[in-house]
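Step one of this worksheet: look at the structure below.
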Amino acid sequence: MNEIHSFLKSEIQKHHIILFMKGSAQFPQCGFSQQAVQILQHLEVNFHTINVLENDDIREGIKSYSQWPTIPQLYINQEFIGGCDIMKEMFVSGELQQVITQNATDEENT
């Protein structure tokens, strides 16, 4: 599992916003992944996706890495945000936009 965790950590560090999902942004393969993509697209942010259906080690590894049992999983600026339900709650409250904006501002200032 250490090899997969190293890979996941590297990918999370590489991408400001990364979504581990079932399918791709162009072709989500579950309703929760589709909702997560729609939220990020609505916010007009650049994000990277990893299709967990392509590799069982990644699919199980991301669950143990985050200690979160479901997919999709969103990371912003290397911080685990949560799954679809948390993304929806944060989006409705405006908190997700704040997290994205704050982290973009932090990146510009470094």
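- At a threshold of 4.5 Å between side-chain heavy atoms, the hydrophobic network of Ile, Leu, Val, Met, Phe, Trp and Tyr places L53 and I62 in two separate groups.
- Here CD of Q97 is found 14.0 Å from CD of Q102. Values are rounded to the nearest 0.5 Å.
- Taking 4.5 Å as the limit, some side-chain heavy atom of S66 sits within range of a side-chain heavy atom of Y75.
- When every heavy atom of P28 is checked against every heavy atom of S33, the shortest pair comes out as CB-C, 4.2 Å.
- Counting heavy atoms from C-beta outward, I17 and N46 have side chains that stay 4.5 Å or more apart.
- The CD1 atom of I4 lies 9.0 Å from the OG atom of S64; values are rounded to the nearest 0.5 Å.
- Inter-residue side-chain proximity for Q41 and F47 is flagged as met; some heavy-atom pair is nearer than 4.5 Å.
- Residues I86 and I71 are members of one and the same hydrophobic cluster, defined by side-chain heavy-atom contacts under 4.5 angstrom among Ile, Leu, Val, Met, Phe, Trp and Tyr.
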Intermediate values then yes/no, side-chain contact (heavy atoms from CB on, under 4.5 Å), I76 and L96
CA-CA 10 Å; I76 299 175; L96 185 59; 3.9 Å; yes
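- From E95, atom CD reaches atom CD of Q98 across 7.0 Å, with rounding to the nearest 0.5 Å.
- To the nearest 0.5 angstrom, E44 atom CD is 11.5 Å from I100 atom CD1.
- Between Q73 and W68, the shortest heavy-atom contact is NE2-O, 3.2 Å.
- Between H48 and H15, the ring planes lie parallel to each other; the angle is under 30°, not in the 30° to 60° tilted range.
- Counting heavy atoms from C-beta outward, I18 and T49 have side chains that stay 4.5 Å or more apart.
- Scanning all heavy atoms of the two residues, the minimum distance from A36 to L19 falls at CB-CD2, 3.9 Å.
- Closest approach of V99 and M90 over heavy atoms only: CG2-CE, 3.9 Å.
- One finds the NE2 atom of H5 at 11.5 Å from the NZ atom of K9 (value rounded to the nearest 0.5 Å).
- When side chains are defined from C-beta on, C30 does not count as touching Q34, because their heavy atoms never get closer than 4.5 Å.
- For the pair M21 and L74, the minimum side-chain heavy-atom distance is 4.5 Å or more.
- Around the CZ atom of F32, the shell of radius 6.0 Å holds no more than 12 heavy atoms that belong to other residues, nucleotides or ligands.
- Side-chain atoms of N55 come within 3.5 Å of backbone atoms of D57 as a donor-acceptor pair (strictly under, hydrogens ignored).
- Put simply, the side chain of K22 reaches to within 4.5 Å of the side chain of V52, judged on heavy atoms.
- Heavy-atom minimum distance, F20 versus L8: CE2-CD2, 3.6 Å.
- Here the side chains of L43 and F91 are in contact, with some heavy-atom distance below 4.5 Å.
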